[in-house]
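The chains referred to below are lettered A, B, ... by the order of the sequence lines, with proteins before strands, and numbering in each begins at 1. No hydrogens, no waters, no symmetry mates; every other heavy atom, side chains included, goes into these values.
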Amino acid sequence: MNQARIQENIQNIINNFNKESFIFDLLLAYGLPKAGITRLRKGDRNLSSVPGEISWKKKLFFKEAADNDLHLIITNIKSKIKHDQRFIIVTDYQTLLAIDTKTDDKLDIPLNELPTHFDFFLPWAGMEKVTHKNDNPADVKAAEKMARLFDIIKKDNPDDSPEFIHGLNVFLSRLLFCFFAEDTNIFRENQFVNALDAHTNADGSDLGQWFESFFLVLDTHKEKRSDLPEYLNAFHYVNGNLFNKRFTIPQFTRRSRQAIIDGGQLQWKDINPDIFGSMFQAVIGADQRGSLGQHYTSVPNIMKVIEPLFLNELYEEFNKAIAHNNPAKTNHDLSHLLHRISKIKIFDPACGSGNFLIIAYKELRRLEMKIFIELEEIEKSHITKLSNIHLNRFYGIEIDDFAHEVAMLALWLTEHQMNVEFKKQFGQTNPTLPLKDSGNIVQGNATRLNWDEVCPKSQEDEVFVLGNPPYRGFSQQSTDQKSDLNYILGSTTKLDYIACWFILGSKYIGAHPKTSLAFVSTNSITQGEQVALLWPFVLNENKTIFFAHKSFKWTNSAKSKAGVTVVIIGITSKSINSKIIFENSHEKKVDFINPYLSTSKIIGVQKRKEPISPFPKMVLGNMPNDFGGLQFSPQEKQEITNNFPETNRFFKRVVGSQEFIKDIERWCLWVKESDVDSLKTIPQIAKRLLFVKDQRANSKKKSYNIYAEKPHRFIEIRHQSGTSLIIPGTSSEKREYLPIGLLTGEIIINNLAFAIYNPPIELFGILSSRIHNNWLRAVGGSLETRIRYSSLLCYNTFPFPQISDRRKQEITQGVFRILEEREKHPDKTMAQLYDPDKMPDGLREAHRLNDLAVEQCYRSRPFQSDEERLEHLFKLYEQMT
DNA sequence: GATCCGACATATA
DNA sequence: TATATGTCGGATC
């Protein structure tokens, strides 16, 4: 049961309040076993015989009270209860008091406010109030410690061969296992570090040898061991292939030996295998240290993937089964579900150190436990309950050798943790040692491997592909990554590297009836030019997007978080009627989700060289490619013109997005060929020209090299004198209107904005209209969530009808109204004028009138909503293309 | 020659 | 450190 459902349940209790059933309804709302609650109600499970009191072992002590001193009553109860009841509740049905006996948290609220405090009782639903489960400083500390240890050992062993590095990776993961084992009852407490400390020399000289024999012991059955000192023989057989290969063990020194002993002092049981593995990923490459853990996926984000991908559906089946009034039916359905979840395969083709696999494993084990609890309630049987969810149905591909070692290790550690949880509940469990098979984690390049070989599937297999593959924009990709993309697509492309995973994932799903996929991805594959490039390769063979999380900012608890905005996309070939869009923690059921993650019936808008509407040409501003050399701040310019007043004529104002929006003064050199010689006589300018010349000459690009000989000029010049319409290339998404402007005089627009030279005035009105804004947001690119204008994608594709001169005049009048309103605030920048909270009323009204005039051109009936505007635009777009 | 993008970049409070 | 909001020129077509 998820939290939203629980909250809904509680709201229902309050809305249809019933004194008699309140407490039982409350327990039901959290998904506690129905059969148990029924028996509690009948009385045979109630440990209290006092009327108005309900006492349920480990769960609840409830008391109805008419007295006015509820506080006194609850304190009294707290001091007397003896069946480990988690919550005490006392109420007079006006006020509700509650105590969480485990955390000592208290609740004191009017009863009708219960829905907003529903989280207080979440432990009933198996959700502990761990405030920052994913913000564990212990993980970071441990990772840093391991990184230091790695450095020390590396320094003492200057061997860079791949074999040695691999051996070191394996050694570190074994060490991690030992640390963890002695803190979590796999070994005895401190058994490993004590043994090491007592039986090796302080200078580290014999430590390598000791590890060699120690690992051999862990890999040998107790019966097969002989002549071992008692302290070594006391270690259990571990197996699981963790210790079965021989590698060169590094040399140790006093320092590295001490570092290992110090490592044992950490509280390893506080560490989450879900996260800590990711931290260690960056241990190896010193160049990655700064970005330690930047890219690991936090538990909440993993949940955003696995819940809609499969977990919610499994819980639906679970809830349906326990809702039967017929125990035999419930029993049957639950057994079926048990079987189903034991057969599920989970596959992460970019698994890193296995976070997704670990969380998925944990969630399946938890569901399995809940099913066992329900079955127990029904049967009171003593069938042997042992988990049937095995690590060998978890698959992964990881390119990094160390991460892949850690992934296998972390899966074992998680299995152990779940076994401990299981034992607490059922008194027995599968033994942790000797370790069984771990997950099927393959080390390799996922873009080159055959996924069907890594995770084979029969027609009956239910497979869920998930993960957070690497993102890399086209100009950041390495040569190898480019050839990976090329290999998959058969041609060069401007797609992000993650496209490999979507395309291969789609191929892997094929037409398989029981396979779905969901990845966390950079949002740029759902915007701008990439949409039309990527999605035809993905949404083939009846595949659809069946859920999507719209753009949200990437976060985790790493020190320096990756700067990216992400989406989550689920794809399947199953036919699913109602798709779900998640946005700002709200979900919306829809019929269709397009690759922009909205609901219009549009697949992808392609870049166009020419406008489809009767518009003049829009061009990118003038591109300096000057490495900063040809542009000057007012101070820099003044320094020169003060000394050489005749140089004033060489400078012109230059405007990009920022200069226009924030009214920033900036100057550039803009000269005729004939003036170049006199330019060179000014020392400050000559210096700049030399700089530009050098930079251009050193560029990899031939076209830049050519212009090294003309360092006084911008490389690409498109300027025309007269009036120009400026459209900023990037602008905040918070603004209701795109701030555009008319520039007069010789102002140079640079490549950070677009220009229409000597435009018809009504174009100003059309491009600043709400309906055009809708279009940009729908089909344009973006920088994270900022609006990014582009001529080919936004302007040339914008459908606008041919209009009469009268209409043109109406719009032109509106434009003048907007300009007048702006002029009333000469001291304000565009950023201030278009701040959605502070926009002057007059300006807003002028825009409203402009919108009306523009929208009149499409149809006489006014549009009711943005959705309606977009529908209309898409229809028109299809007609016009 | 022209342009769209960034597991971003940078200023500001 | 968190928040707000747009640089610059590389790589590709």
Item checked: Pair Phe519(A) + Phe502(A): ring centers closer than 6.0 Å -> yes
Note to self: Taking Lys637(A) first and then Glu639(A), would you say they form a salt bridge - that is, a charged N and a carboxylate O separated by under 4.0 Å?
What the structure shows: no
Note to self: If I pick the P atom on dC5(B) and the same atom on dT7(C), what distance separates them, to the nearest angstrom?
What the structure shows: 15 Å
Note to self: Need one value for Lys662(A): base, sugar-phosphate or nothing, where a base atom within 4.0 Å counts as base even if backbone is also close, heavy atoms only.
What the structure shows: sugar-phosphate
Item checked: Residue Ala562(A), side-chain atoms from C-beta onward, closest of dG6(B), dC4(B), dA7(B) -> dA7(B)
Note to self: Quick check on DNA chain B: between Ser703(A) and Pro469(A), whose nearest nucleotide comes earlier from the 5' end?
What the structure shows: Ser703(A)
Distances for protein N/O vs nucleotides 11-13 of chain B N/O pairs under 3.5 angstrom?
none

Check: Only one of Arg770(A), Arg844(A), His847(A) clears side chain to side chain donor-acceptor pair (under 3.5 Å) with Glu736(A); which?
Finding: Arg844(A)
Checklist line | Per Thr492(A) side chain, nearest of listed nucleotides dA11(C), dG6(B), dC13(C) | finding: dC13(C)
Notebook entry, point to check: In whole Å, what is the span from the CD atom of Glu784(A) to the C1' atom of dT5(C)?
Noted result: 10 Å
Item checked: Whole angstrom value for the distance that separates C1' of dC8(C) from CD of Gln631(A) -> 10 Å
Note to self: Quick check on dC4(B): is either OP1 or OP2 less than 4.0 Å from any side-chain nitrogen or oxygen of Tyr789(A)?
What the structure shows: no
Check: What residues, two or more places apart in sequence or in another chain, satisfy side-chain hydrogen bond (donor to acceptor under 3.5 Å, both in side chains) together with Ser699(A)?
Finding: none
Note to self: Any base atoms under 4.0 Å from Gly628(A), or only sugar-phosphate, or nothing? Heavy atoms, all strands.
What the structure shows: sugar-phosphate
Notebook entry, point to check: Under 4.0 Å between a side-chain N/O of Arg718(A) and OP1 or OP2 of dA2(B), yes or no?
Noted result: yes
Next item on the list: Please report, rounded to the nearest Å, how far the C1' atom of dG6(C) is from the CD atom of Gln658(A).
Entry: 6 Å
Margin query: In terms of relative ring orientation, are Trp775(A) and Tyr877(A) parallel, tilted or perpendicular, with 30° and 60° separating the classes?
Written below: tilted
Checklist line | Any side-chain donor near an acceptor of the partner, Lys304(A) and Asn301(A), under 3.5 Å | finding: yes
Next item on the list: Report yes if at least one side-chain N or O of Lys700(A) is closer than 4.0 Å to OP1 or OP2 of dA11(C); otherwise report no.
Entry: yes
Next item on the list: Establish whether the base of dA7(B) is bridged to the side chain of Asn468(A) by a donor-acceptor pair shorter than 3.5 Å.
Entry: yes
Notebook entry, point to check: Between Arg608(A) and dA2(B), does any side-chain N or O lie under 4.0 Å from OP1 or OP2?
Noted result: no
Note to self: What is the separation between atom CZ on Phe627(A) and atom P on dG9(C), rounded to the nearest whole Å?
What the structure shows: 6 Å
Check: Distance between the P atoms of dA11(B) and dG9(C), in whole angstroms?
Finding: 15 Å
Note to self: Assuming nearest nucleotide by heavy-atom distance, tell me which of Ser699(A) and Lys553(A) is located more 5' along DNA chain C.
What the structure shows: Lys553(A)
Margin query: Would you say the ring centers of His719(A) and Phe714(A) fall short of 6.0 Å from each other?
Written below: no
Next item on the list: Describe the nucleic acid contact of Pro624(A) in one word from base, sugar-phosphate, nothing, applying a heavy-atom distance below 4.0 Å.
Entry: nothing
Margin query: Do Arg688(A) and Phe632(A) form a cation-pi contact, if we require the NZ or CZ to be under 6.0 Å from the six-membered ring centre and within 45 degrees of the ring's axis?
Written below: yes
Check: Can you tell me how far P of dA2(B) sits from NZ of Lys617(A), to the nearest Å?
Finding: 8 Å
Notebook entry, point to check: Hey, does the side chain of Thr493(A) come within less than 4.0 Å of dT12(C)'s phosphate (OP1/OP2), counting only N and O?
Noted result: no
Next item on the list: Determine: side-chain N/O of Ser732(A) to OP1/OP2 of dT5(C), distance under 4.0 Å, yes or no.
Entry: yes
Check: With sugar-phosphate meaning primed atoms plus P, OP1 and OP2, does Leu792(A) contact a base, only sugar-phosphate, or nothing at under 4.0 Å between heavy atoms?
Finding: sugar-phosphate
Notebook entry, point to check: Is Arg788(A) side chain donor-acceptor paired with the dG6(B) base, going by distance under 3.5 Å alone?
Noted result: yes
Notebook entry, point to check: Hey, does the side chain of Ser657(A) come within less than 4.0 Å of dG6(C)'s phosphate (OP1/OP2), counting only N and O?
Noted result: no
Note to self: If I take atom CG in residue Leu485(A) and atom P in nucleotide dA11(C), what distance separates them, rounded to the nearest angstrom?
What the structure shows: 15 Å
Next item on the list: Check whether any side-chain nitrogen or oxygen of Lys482(A) sits under 4.0 Å from OP1 or OP2 of dT12(C), and answer yes or no.
Entry: yes
Item checked: Dot-bracket pairing map - DNA chain B, Watson-Crick plus G-U, both contacts under 3.5 Å, | cross-strand -> ||||||.||||||
Next item on the list: Can you check whether any acceptor in the base of dG9(C) is under 3.5 Å from a donor in the side chain of Asn751(A), or vice versa?
Entry: yes
Notebook entry, point to check: Phosphate oxygens OP1/OP2 of dT5(C): is one of them under 4.0 Å from a side-chain N or O of Thr730(A)?
Noted result: no
Check: Would you say Lys482(A) has more than 12 foreign heavy atoms packed within less than 6.0 Å of its NZ?
Finding: yes
Note to self: Rounded to whole Å, how long is the line connecting atom CD of Glu529(A) with atom C1' of dT12(C)?
What the structure shows: 9 Å
Note to self: Can you tell me if Lys652(A) has over 12 outside heavy atoms packed within less than 6.0 Å of its NZ?
What the structure shows: yes
Checklist line | Ring geometry between Phe615(A) and Phe798(A) (parallel below 30°, tilted from 30 to 60°, perpendicular above 60°) | finding: parallel
Notebook entry, point to check: Is Gln720(A) atom CD crowded by more than 12 heavy atoms from other residues, nucleotides or ligands, each under 6.0 Å away?
Noted result: yes
